[in-house]
Amino acid sequence: MSSTASTAGIVSFEQARHLVEQHAAGVSPTEAETVELLAGLGRVLAEGILADRDFPPFDRAARDGYAVRAADLAEVPARLEVVGEVKAGIWPDSAACSVGCGQAVGIMTGAPLPAGADAVVMVEHTALTQGVLGSARDTSAARFVDIQRGVRVGENFVPRASEAWVGQLLLDRGRRLDHAVIAIAASVGKSRVQVFRKPRVAVLSTGDEVVEIDATPGPAQIRNSNSYSLAAQVCDAGGQAVRLGVAPDEAGRLRVLIEEGLDCDLLLLTGGVSMGKYDLVERVLGELKAEFYFTGAEIQPGRPVVFGSCGAGALARSGDKDAAGTRAVAPVPHKRYFFGLPGNPVSTMVTFELFARPMIEALAGMTARRLIFLRARLKSEIRTKTRLKRFLPAVLSGEFENAEVELARWQGSGDIAALARANCYMVIPPDRERIEAGEWVALLMR
Ligand code: AMP
Ligand code: MG
């Protein structure tokens with residue numbers, strides 16, 4: 001590493017993740033825009049969403065049946081006179097349709113509870129009958145309902161405002177719009193929502209052997225798949241990918257492209273961060289007065305991963321020269337974070353998920369969330385080496401609650417075919433040489 005770079009070392013996975021989280025906590029988006037509700041899917045709310053009325057706006061029947069007074073059913077079976085019916089969407093007229101002593105009103109799910117009622121009996125526990133009113137003078141036919149089961153006061157209806165009251169904050173800014181968030185926005189009449197502008201994330205691949213995907217690779221060349229997998233991961237994390245192509249393993253051109261990338265909100269580099277003679281990324285970033293927070297993590301795949309920032313200080317522009325003909329140093333107003341991800345395609349994908357994703361989510365305005373692992377039982381025994389925490393492509397299978405997981409067969413961190421067959425990463429702690437079939441193991445879904 002260049003002497004201009006501040007020194008940083010190799011840290012544990014947990015330290016690396018915490019460092020990213022700490023820096024991510026200090027960034028935020030600056031601009032917002034208004035979009036149609038459905039166009040907001042996957043975007044991040046820049047405004048809080050308030051209840052525009054009580055939820056529910058009235059005591060809402062939760063079952064089809066009869067609105068009753070619970071006290072009338074203290075002894076069952078009981079017979080109540082049916083004095084009306086309320087459908088969903090109709091406001092019950094309290095004069096014509098209220099529940100008095102010994103009375104019931106037919107009610108449908110979603111309808112407002114009529115006056116006088118304090119519970120709903122499910123239709124399954126009732127039988128409708130014809131009958132004659134009890135008074136000796138009145139012999140007109142009436143409808144009655146025979147009820148087999150009692151109810152408690154408040155049963156089978158949702159009281160007004162029990163879910164939310166008018167003016168209550170339902171969704172805070174920073175929530176990413178998924179179907180549930182969209183349902184809430186829709187229910188309060190927000191056909192347009194304010195969302196944050198997506199962060200622009202530069203993606204720069206490096207390596208003399210890497211060619212663009214529509215080129216025919218020479219015998220020793222490979223196509224630039226990393227720029228595409230990263231661009232897809234950036235979109236998935238809520239960012240907008242700006243692909244800068246491929247930088248050769250040559251410091252001058254690499255530096256120009258890195259400077260271009262630092263104009264975006266975040267720079268992702270792939271390749272060139274290992275110990276090889278032509279791994280120039282850290283050196284060039286060092287020349288640009290980068291500050292490094294870590295230059296490796298004790299993980300596999302992805303050990304050489306680098307995290308740092310440039311700017312908010314002096315950043316040399318390679319094109320600019322001062323009067324003496326030496327490079328001018330132009331201040332860069334904003335601090336720009338970068339990740340140097342190892343070039344092996346699976347390492348690139350894994351280190352993105354572990355470290356770059358939370359930074360993009362923060363730049364997109366999302367409220368920070370913890371990395372959460374699932375657990376499943378191991379299908380067949382594993383033997384590994386100790387020292388590094390491993391995130392290995394794995395297949396979670398089984399039916400319903402009987403999930404089990406096994407490692408995908410793979411040829412190492414270049415094996416994208418194995419990763420495509422996998423549906424998760426199995427997390428193997430650094431101190432385990434052998435894990436037996438049937439043990440619980442942690443997983444990170446992908
Ligand atoms: P590096 O990290 O530069 O040492 O690269 C490690 C491995 O990843 C090498 O086999 C590279 O050829 C491969 N690689 C580097 N960059 C890319 C890329 N953009 N797309 C696909 N493979 C790559
Ligand atoms: Mg390389």
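The model shown is predicted, which means the values in this text are computed figures rather than measured ones. Both backbone and side-chain heavy atoms feed into the values below; hydrogens, waters and symmetry mates do not. In listed order, ligands and their atoms are each counted from 1.
Atom numbering of ligand 1 starts at 1 in the shown order; those under 4.0 Å from a heavy atom of S205 are 19 (N).
Relative ring orientation between F307 and F294 is described as tilted, the plane-to-plane angle lying within the 30° to 60° band. Between Y293 and Y337, the ring-plane angle classifies as tilted under the 30° and 60° cut-offs.
Of the heavy atoms in T206, only backbone atoms (N, CA, C, O) come closer than 4.0 Å to ligand 1. With a 4.0 Å heavy-atom cut-off, ligand 1 is reached by the backbone of N224 and by its side chain too. The backbone and the side chain of S225 each have at least one atom closer than 4.0 Å to an atom of ligand 1 (non-hydrogen atoms only). The backbone of R223, and not its side chain, has at least one atom closer than 4.0 Å to an atom of ligand 1 (non-hydrogen atoms only; backbone = N, CA, C, O).
Taking atom 22 (N) of ligand 1 as the reference point, the nearest protein heavy-atom neighbour is I222 CD1, 3.1 Å. Among all protein heavy atoms, the one lying closest to atom 18 (C) of ligand 1 is N226 ND2, 3.2 Å. Of the protein's non-hydrogen atoms, N344 N, 3.6 Å is the one closest to atom 6 (C) of ligand 1. Closest to atom 9 (C) of ligand 1, if we only count protein heavy atoms, is E209 OE2, 4.0 Å.
Looking at Q300 and R390, their side chains do bring a donor and an acceptor atom within 3.5 Å of each other.
Residue G343 has at least one N or O atom closer than 3.5 Å to an N or O atom of ligand 1.
Interatomic distance, CD of E124 versus CG of D64, reported as 7.5 Å (0.5 Å rounding). Note that CG of L204 and CG of L268 are 9.5 Å apart. Values are rounded to the nearest 0.5 Å. Separating the CD1 atom in I184 from the CG atom in L50 is a distance of 12.0 Å, to the nearest 0.5 Å.
We find that E14 and K389 are joined by a salt bridge, their nearest charged nitrogen and carboxylate oxygen being less than 4.0 Å apart.
A salt bridge (Lys or Arg N to Asp or Glu O under 4.0 Å) with E439 is found for one member of R432, R375, R377 and no other, namely R432.
Residue contact check for ligand 1: G272 places a non-hydrogen atom closer than 4.0 Å to it.
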